[in-house]
Amino acid sequence: MNQEPFDKDPLLQAKLQEDLVEVPDFPMKASRWNRLLHYLGSPAQDPFEPLVATKSGIISLKVLPAAGGAALVAAQFLFFL
């Protein structure tokens, strides 16, 4: 049994022979500059993701910066007195 159905139609076979595509050569290995740009453009991991996943983590993200700021203010008052 013939597996190629396009052999029967000569007009279609001629049209298929006209459309030849040439694939250009391209380097398979990226240059160092492209690798660096790809590294810099890749998404980073979120360091706060484990904290945001829990309710206590969300509260600590709100309270700890305020407590740290208050501690720095208190340290300045104690240091300059």
Side-chain angles (χ1 to χ4, degrees):
M1 178 174 241
N2 190 1
Q3 296 291 333
E4 189 65 44
F6 302 116
D7 289 338
K8 296 178 183 175
D9 190 7
L11 181 62
L12 183 60
Q13 187 69 23
K15 290 292 183 183
L16 286 175
Q17 293 297 328
E18 285 178 8
D19 297 330
L20 295 178
V21 177
E22 293 184 21
V23 179
D25 291 333
F26 60 93
M28 296 299 289
K29 185 176 179 183
S31 66
R32 286 186 179 196
W33 179 250
N34 285 340
R35 288 194 311 249
L36 175 68
L37 290 178
H38 186 266
Y39 173 73
L40 293 176
S42 62
Q45 293 179 345
D46 186 9
F48 298 111
E49 177 125 18
L51 291 174
V52 177
T54 62
K55 187 174 182 179
S56 63
I58 293 173
I59 293 171
S60 66
L61 280 177
K62 293 178 181 179
V63 172
L64 286 178
L72 287 174
V73 169
Q76 287 179 3
F77 278 127
L78 292 175
F79 182 70
F80 287 119
L81 287 179

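These figures come from a predicted structure and were not determined experimentally.
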Checklist entry - Stepwise, does the side-chain contact (heavy atoms from CB on, under 4.5 Å) test hold for H38 with R35? => result CA-CA 5 Å; H38 186 266; R35 288 194 311 249; 5.6 Å; no
Checklist outcome for this item: Sorted by chain and number, sequence neighbours left out, side-chain contact (heavy atoms from CB on, under 4.5 Å) with L64 holds for S60
Checklist entry - Rest of the hydrophobic cluster containing L11 (Ile/Leu/Val/Met/Phe/Trp/Tyr, side-chain heavy atoms under 4.5 Å)? => result none
Checklist entry - What heavy-atom pair brings L61 and V52 nearest, and what distance separates the two atoms? => result CD1-CG2, 3.7 Å
Item to check | Distance in Å, I59 CD1 paired with K55 NZ, rounded so as to fall on 0.5 Å steps | outcome: 6.0 Å
Checklist entry - When clusters are formed by joining ILVMFWY residues with side-chain heavy atoms under 4.5 Å apart, either directly or through shared neighbours, do W33 and Y39 land in the same one? => result yes
Next on the checklist: Please give me the minimum heavy-atom distance between A30 and N34, naming the atom from each residue.
Outcome noted: CB-CB, 4.2 Å
Next on the checklist: Please check if the number of heavy atoms outside E18 that lie under 6.0 Å from its CD is greater than 12.
Outcome noted: yes
Item to check | Residue pair D46 / P50: nearest heavy atoms and the distance that separates them | outcome: O-CD, 4.4 Å
